[in-house]
Amino acid sequence: MPDAKTIPNLQAPPLIGTLLEFRRDQLAFLTRVARELGDIAHYNFLAFNVVQVNRPDYIHEVLVAQADHFHKASLDHAIFEVILGQGLLISEGNFHRHQRKLMQPAFHHKRISAYADIMAQFAVDMLDGWRSGSTFDLHHAMSDVTRRIVLKTLFDADDSADAERIAAAVETINHLSEEKYKRGFAFPQWLPVPENRRIAAALRVIDGLLKPIIDARRASGRDHGDLLSMLLLAQDDADGSGMSDEQVRDEAITLFTAGHETTANALTWAFYLLAKHPEAQAALSAEVDAVLHGRVPTMEDLPALKYTDMVIKEAMRLYPPAWILNGRVALSDVQIDGYTIPKDTVVFISPYVMHHQAAYFPDPERFQPERWANDFEKSLPKFAYLPFGGGARVCIGNAFALMEARLVLALAAQRFSFSLPAGVEA
């Protein structure tokens with residue numbers, strides 16, 4: 001039997017460990033660990049032992065082959081459970097598998113294809129308000145349009161005051177949750193610190209507005225054609241049971257949270273990269289003109305918009321919306337390629353780190369949409385490219401997000417070209 005391998009260790013100060021370096025620049029830290037220590041590395045955050053895996057087959061072990069030996073990290077639960085409850089992002093084990101099975105029909109190809117026209121119309125409405133030569137915050141614009149799309153497709157809600165209040169409350173909690181994650185710990189929710197009071201106030205808004213919507217939908221039993229209807233109508237094939245109102249609420253907020261800002265970030269980086277690379281922008285415009293001839297794209301146009309798809313894939317490679325996956329904790333000692341990951345160790349997987357490895361992506365810092373031509377993705381080891389995570393917990397809305405991003409990008413490229421404002425460093 002071969003000798004057990006020793007996981008390379010990153011030296012750090014006692015007690016606090018690498019937490020301060022991580023907080024200063026998370027991406028630089030994770031990248032340095034992979035560059036200096038290789039495929040697998042160990043370090044400490046306060047009292048937490050962390051193992052970072054930076055190789056596709058190791059990631060496969062954590063997310064697929066030995067996924068039952070891991071669960072979500074306690075910090076993730078402490079931060080996100082207060083808003084997401086037992087939604088798909090947080091739930092574990094058999095309950096998670098059951099919920100995912102119930103929700104899968106809501107993201108069937110035929111169901112989400114019905115949203116293409118909604119996505120395109122909201123993008124057109126946004127673009128009608130733009131003027132050539134103007135300068136504006138593109139991330140704000142993308143956040144606004146993706147928020148409008150998710151409110152319509154999730155709740156069949158337009159820009160009502162109640163819908164906007166739900167969106168504002170969720171965004172408040174998202175911001176505070178991100179601050180907790182960067183800090184490395186979460187105050188107990190019962191502790192009356194300012195951030196907890198703000199979270200509690202936002203939750204009161206969300207629950208006060210969502211409960212009447214869910215009650216009214218239950219009473220009517222009508223399919224509004226939105227995702228909320230699918231959650232309410234979902235039934236288990238075996239016993240005919242569905243979701244409780246509380247679970248519907250948790251899943252609805254999970255979908256809103258996961259399906260809004262991530263797509264906005266992907267689009268923002270795509271436009272930023274196009275602004276830096278006029279040749280790519282010209283190729284995108286040429287494709288859009290040749291395929292659409294000035295009309296609004298439909299679902300049927302997407303297969304022909306190949307370069308549009310390549311731009312989105314390359315933007316998500318360079319700047320993945322989820323730069324790190326939620327930490328996994330080993331439930332027992334786990335063996336991976338001769339290494340022992342001890343029980344209670346937190347495992348980090350970073351799509352950002354994987355997407356910048358030259359072994360899989362030659363000249364990895366270069367924006368090169370053409371690299372995705374000729375089925376390049378099929379040549380990659382599984383889990384070398386994972387903008388939506390992977391395994392049983394892969395993002396359930398990935399097809400929805402990709403459709404939305406391609407439609408918005410194509411429509412914008414049809415009407416405008418983009419450049420960085422004078423004085424902005426590229």
Could you tell me the separation between the [atom1] atom of [X] and the [atom2] atom of [Y], rounded to the nearest 0.5 Å?
{"X": "Leu88", "Y": "Cys395", "atom1": "CG", "atom2": "SG", "result": "9.5 Å"}
{"X": "Met230", "Y": "His108", "atom1": "CE", "atom2": "NE2", "result": "9.5 Å"}
{"X": "Met354", "Y": "His356", "atom1": "CE", "atom2": "NE2", "result": "12.0 Å"}
{"X": "Arg165", "Y": "Ile206", "atom1": "CZ", "atom2": "CD1", "result": "11.0 Å"}
{"X": "Leu273", "Y": "Ile312", "atom1": "CG", "atom2": "CD1", "result": "10.0 Å"}

Going by an N to O cut-off under 4.0 Å, is there a salt bridge joining [X] and [Y]?
{"X": "Arg415", "Y": "Asp128", "result": "yes"}
{"X": "Asp363", "Y": "Arg371", "result": "no"}
{"X": "Asp301", "Y": "Arg295", "result": "yes"}
{"X": "Glu92", "Y": "Arg393", "result": "yes"}
{"X": "Arg198", "Y": "Glu195", "result": "no"}
{"X": "Arg249", "Y": "Asp245", "result": "no"}
{"X": "Lys152", "Y": "Asp226", "result": "no"}
{"X": "Glu261", "Y": "Arg147", "result": "no"}

Whether over 12 other heavy atoms sit under 6.0 Å from [X] [atom1]:
{"X": "Glu370", "atom1": "CD", "answer": "yes"}
{"X": "Arg111", "atom1": "CZ", "answer": "yes"}
{"X": "Asp239", "atom1": "CG", "answer": "yes"}

Is it the case that the side chain of [X] and the backbone of [Y] share a donor-acceptor pair, with hydrogens and angles ignored and the cut-off at 3.5 Å?
{"X": "Thr263", "Y": "Ala401", "answer": "no"}
{"X": "Arg197", "Y": "Pro192", "answer": "yes"}
{"X": "Ser285", "Y": "Ala282", "answer": "no"}
{"X": "Glu287", "Y": "Lys306", "answer": "yes"}
{"X": "Asp39", "Y": "Arg55", "answer": "no"}
{"X": "Ser350", "Y": "Trp323", "answer": "yes"}
{"X": "Gln52", "Y": "Ala41", "answer": "no"}
{"X": "His355", "Y": "Met316", "answer": "yes"}
{"X": "Asn374", "Y": "Phe376", "answer": "no"}

Evaluate side chain to side chain contact (heavy atoms under 4.5 Å, CB included) for Met103 paired with Leu255, printing each intermediate quantity in order.
CA-CA 11 Å; Met103 293 175 66; Leu255 292 176; 4.1 Å; yes
Chi angles and distances behind the ring pair (Phe, Tyr, Trp, His ring centres under 6.0 Å) call for Phe29, Tyr43:
CA-CA 11 Å; Phe29 172 77; Tyr43 44 86; 5.0 Å; yes
Between Lys101 and Asp237, is the side chain to side chain contact (heavy atoms under 4.5 Å, CB included) condition met? List the steps.
CA-CA 10 Å; Lys101 184 179 178 182; Asp237 292 336; 4.2 Å; yes
Side chain to side chain contact (heavy atoms under 4.5 Å, CB included) between Glu377 and Lys313, worked out
CA-CA 10 Å; Glu377 189 169 0; Lys313 285 181 177 177; 3.0 Å; yes
Output, in order, the C-alpha distance, side-chain angles, deciding distance and verdict of side chain to side chain contact (heavy atoms under 4.5 Å, CB included) for Gln247 and Phe95.
CA-CA 11 Å; Gln247 193 59 36; Phe95 183 79; 3.4 Å; yes
Using the rule given for ring pair (Phe, Tyr, Trp, His ring centres under 6.0 Å), can you reason through Trp269 versus Tyr319, listing the C-alpha separation, both sets of side-chain angles and the distance that settles it, and then say yes or no?
CA-CA 7 Å; Trp269 284 116; Tyr319 301 106; 3.8 Å; yes
Taking atom types as modelled, find out whether [X] and [Y] have a side-chain donor-acceptor pair closer than 3.5 angstrom.
{"X": "His96", "Y": "Gln86", "result": "no"}
{"X": "His260", "Y": "Thr146", "result": "yes"}
{"X": "Glu246", "Y": "Ser244", "result": "no"}
{"X": "Glu314", "Y": "Gln368", "result": "no"}
{"X": "Asp125", "Y": "Gln121", "result": "yes"}

Aromatic ring proximity Trp372/Tyr385, centre distance under 6.0 Å
yes
Flag the pair Phe136 / His140 as yes when their ring centroid distance falls below 6.0 Å, and as no otherwise.
no
Which heavy atom in Ile112 sits nearest to a heavy atom in Ala106, and how many Å separate them?
CG2-O, 3.9 Å
Given salt bridge (charged side-chain N to carboxylate O under 4.0 Å, His left out), test Glu21 with Arg24 step by step and report yes or no.
CA-CA 5 Å; Glu21 183 182 354; Arg24 276 195 302 271; 5.1 Å; no
